Amino acid sequence: MADPMVQSIHRDPALFYWILFPISVVMILTGVLRHYATVLLQTTPKKQELPALREQRSLLRGINLRSNCSAISSTAFAFRKQYLVSAYKDGTFLKDPENRGKPAGNPMTDPAAMEGMMGMMKGNMAMMIPQTLIMGWINAFFAGFVIMKLPFPLTIRFKSMLQSGVATRDLDVRWVSSLSWYFLNLFGLQSVFIFILGNDNAANQMTQQMSQMNPGAGAGMFQPGQDPDKMFQSEAENLEVVEHEYILEGVEDRLLASIE
Amino acid sequence: MSLSSLLRQSSSEALSLSQQTAQYLQKHASTGTSTIPIPILTYPESTETWVMYEKLFLSSLRTGDDKAALNCLEKLMDRFGATNERVMGLRGLYQEAVAKDDAALERVLQEYDKVLSEDSVNTPIAKRRIALLQSLSRTTEAIDALAELLESSPTDIEAWTELSDLYLAQNLFPQAIFCLEEVLLVAPNAWNIHAHLGEVLYLSAMNGNENYEDRILAEATRRFCRSVELCDDYLRGYYGLKLTSDRLLSIIPDDIKPKEQVGTVDNGELPMFSTAVVRKLNEQASFKLAEITRTSNSSYNVAEVISAKDLLGRSTHRRQR
């Protein structure tokens, strides 16, 4: 094609005032609302009980001993190893020693795990409900409108992205349909939200999805359903096979060598 | 984190910081006051703001400006609520600071006990209670409480360091060394802890342990070596290295040969240094100390530089004699 014919569609300026503008405003407002809704729905992280804390930190101590054993002399290491291994094997640090050996309970029945799940549910709801509503709203009122023309040319691949809801094969890619404008807003308003709400806002769904990738990254090392006793046993085994090396061995030679 | 770094700051820094308090409070008077926070309109709230408040609070307390401290504390309480653990700890600190006599301190202590009986996981208050026991010079109780705290949270570096200091004050060297080793297990590259452990070892060698003095001193020397290996130009490390190697030179025989002849490592202990190595380390430490004292800039603690000069002066004096 030598000279692609420039398509021109005569648009009613009212399309701008009654579709493009309202969709953008509504999207921004929902974002702000979602932010505050999430803030309100947030439950403060529940405090851990002392035995649970002790269980976790004791395991952490073993891990620290294993990875940093070079910092202490072999006598000190052997002493600590003996103590920790026997305590791990006896289950001294367990949160509830009488549950030892029993299979781990269903995470659904564990109230602590339930709470975590509820929190996740709430987050999901705050994201899903407005999305569904607005999508329905746009579909019901504005489906099939071509509302704007991008000021730059695009390849044909963008057609499905920019013209969803408008099933016209020959329409130039530069025309944007109302439904697509909604999607563009949905994904592209992050910087606007940062401007309005500050850096750590909950309005954007991308961050929400990110946080769902690793839920409970800071919630401690024990995932629900994991048997702490097994973790202690395996840590005891790990400790027993650690080869000790003392960092102070030959440190004087290293120091003198580094100076000369 | 910010707390510990704050303790390291010199008095002049604390003073200048606390003098800014009033200004800062005025500037940020609006922070967190409006009920509906609209971030564009108000000063953006950030973690740093509140960390700053905490720092201002602590340095105001240090410089005796109780009124400004109370201002900061009120801000923090407004924002985080009086039941926030960290704020509770700060509030306790304030109450201790304004307490006039021991009876008032006892009352604060009872308050802590009450809080802890309701919520035993409240670490800031537990730590305040221990510090208060210390300042009431009930050291054994403080040690007991710390041991209890560490039983439930054995990875708390701050508590281990504190416990080691307490043991050291009681001349219980093996216990103090144990605690410092625990700290090193969590933070193996903390050069200051390596040097501190060296200091404790040196002290324990100087106080009793006649038979093992050379072995303990060798261990202390190695600790100092490690500390200066981790941190170049670390004044305390070189100071300790100089001190221990001086002492070591005076007690070991002049003709310890290098390792090969002495034999391999037995029962886990490292072999004794050869005399030549100790001498070399000593020379190196003197050299470095002289360099540091000569070019000392503001990054070094003045008192430490002075005592390093003193040590150097003593040893040259002895040599001349």
Side-chain angles (χ1 to χ4, degrees), chain A residues 32 35-36 39 44 46-80 83-84 87 92-93 193-201 244 246-260, chain B residues 36-40 44-47 85 119-123 150-156 177-178 180-190 193-194 197 218-219 221-230 232 241 245 258-259 265 267-271 273-274 277-278 280-281 284 287-288:
Chain A
V32 174
H35 170 70
Y36 286 115
V39 170
T44 45
K46 210 169 138 250
K47 271 180 72 174
Q48 281 187 309
E49 294 297 313
L50 199 60
L53 211 66
R54 177 165 173 252
E55 188 180 74
Q56 257 179 39
R57 301 225 166 126
S58 302
L59 186 64
L60 198 61
R61 186 184 184 192
I63 294 172
N64 276 336
L65 177 63
R66 179 158 53 89
S67 45
N68 298 333
C69 66
S70 60
I72 57 174
S73 70
S74 56
T75 0
F77 173 68
F79 177 67
R80 283 180 175 79
Y83 165 68
L84 280 181
T92 320
F93 300 128
F193 289 138
I194 287 180
F195 174 67
I196 304 178
L197 297 171
N199 241 332
D200 44 354
N201 65 71
H244 181 257
Y246 196 15
I247 193 86
L248 293 192
E249 194 178 337
V251 65
E252 65 277 1
D253 298 332
R254 289 204 299 273
L255 184 67
L256 289 174
S258 76
I259 289 161
E260 277 151 17
Chain B
I36 305 168
I38 304 167
I40 304 185
E45 183 191 21
S46 62
T47 326
E85 285 187 0
D119 172 21
S120 54
V121 202
N122 196 335
T123 321
L150 283 168
E151 166 73 23
S152 59
S153 113
T155 48
D156 191 332
I177 291 168
F178 181 91
L180 284 177
E181 280 172 351
E182 280 298 328
V183 178
L184 280 182
L185 283 177
V186 181
N189 292 335
I193 301 296
H194 275 289
L197 184 49
E219 169 112 24
T221 313
R222 287 200 168 92
R223 284 284 168 205
F224 287 123
C225 285
R226 178 68 185 154
S227 118
V228 293
E229 188 186 33
L230 286 168
D232 294 338
L241 190 57
S245 54
K259 271 179 231 165
V265 181
N267 65 20
E269 273 197 58
L270 295 179
F273 292 118
S274 69
V277 167
V278 182
K280 244 190 236 167
L281 285 174
Q284 187 57 39
F287 174 71
K288 271 285 184 185

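These values consider heavy atoms only, across backbone and side chains, with no hydrogens, waters or symmetry-generated copies. To find a chain, count down the sequence lines: A is the first, B the second, and so on, and within it residues start at 1. Bear in mind that the values here come from a model prediction, so they are computed numbers and not experimental data.
- Side chain of H194(B) to backbone of A71(A): no donor-acceptor contact under 3.5 angstrom is found.
- Among D156(B), L197(B), T221(B), D119(B), the residue with the largest count of heavy-atom pairs under 4.5 Å with chain A is D119(B).
- Contacts of N189(B) with chain A are absent, with no heavy-atom separation under 4.5 Å from either backbone or side chain.
- A heavy-atom distance below 4.5 Å is found between the side chains of F93(A) and L84(A).
- In terms of modelled atom types and a separation under 3.5 Å, the side chain of H244(A) and the main chain of C69(A) share a donor-acceptor contact.
- Taking I247(A), L248(A), L65(A) one by one and counting their heavy-atom pairs under 4.5 Å with chain B, the maximum is reached by L248(A).
- Taking the ring axis of F178(B) as reference, the NZ or CZ atom of R80(A) stays within 45° of it and closer than 6.0 Å to the ring centre.
- For chain A, the nearby parts of E229(B) are the backbone and the side chain; heavy atoms of each come within less than 4.5 Å.
- Interface check for chain B: of the options I72(A), L50(A), N68(A), L53(A), the most heavy-atom pairs under 4.5 Å are formed by N68(A).
- Of the listed residues (R223(B), Q284(B), K288(B), E151(B)), the one with the most heavy-atom contacts under 4.5 Å to chain A is R223(B).
- For residues 63-79 of chain A, the pairs satisfying salt bridge (charged side-chain N to carboxylate O under 4.0 Å, His left out) are R66(A)-E235(A), with sequence neighbours left out.
- Contact annotation for F79(A): only side-chain heavy atoms (C-beta onward) come within less than 4.5 Å of a heavy atom of chain B.
- Proximity to chain A (any heavy atom under 4.5 Å) is restricted, for E85(B), to the side chain, taken from C-beta onward.
- A salt bridge does not link R222(B) to E219(B): none of the charged nitrogens lies less than 4.0 Å from a carboxylate oxygen.
- K280(B) and E252(A) are not joined by a salt bridge, as no carboxylate oxygen comes within less than 4.0 angstrom of a charged side-chain nitrogen.
- With a 4.5 angstrom heavy-atom cutoff, L241(B) touches chain A only via side-chain atoms.
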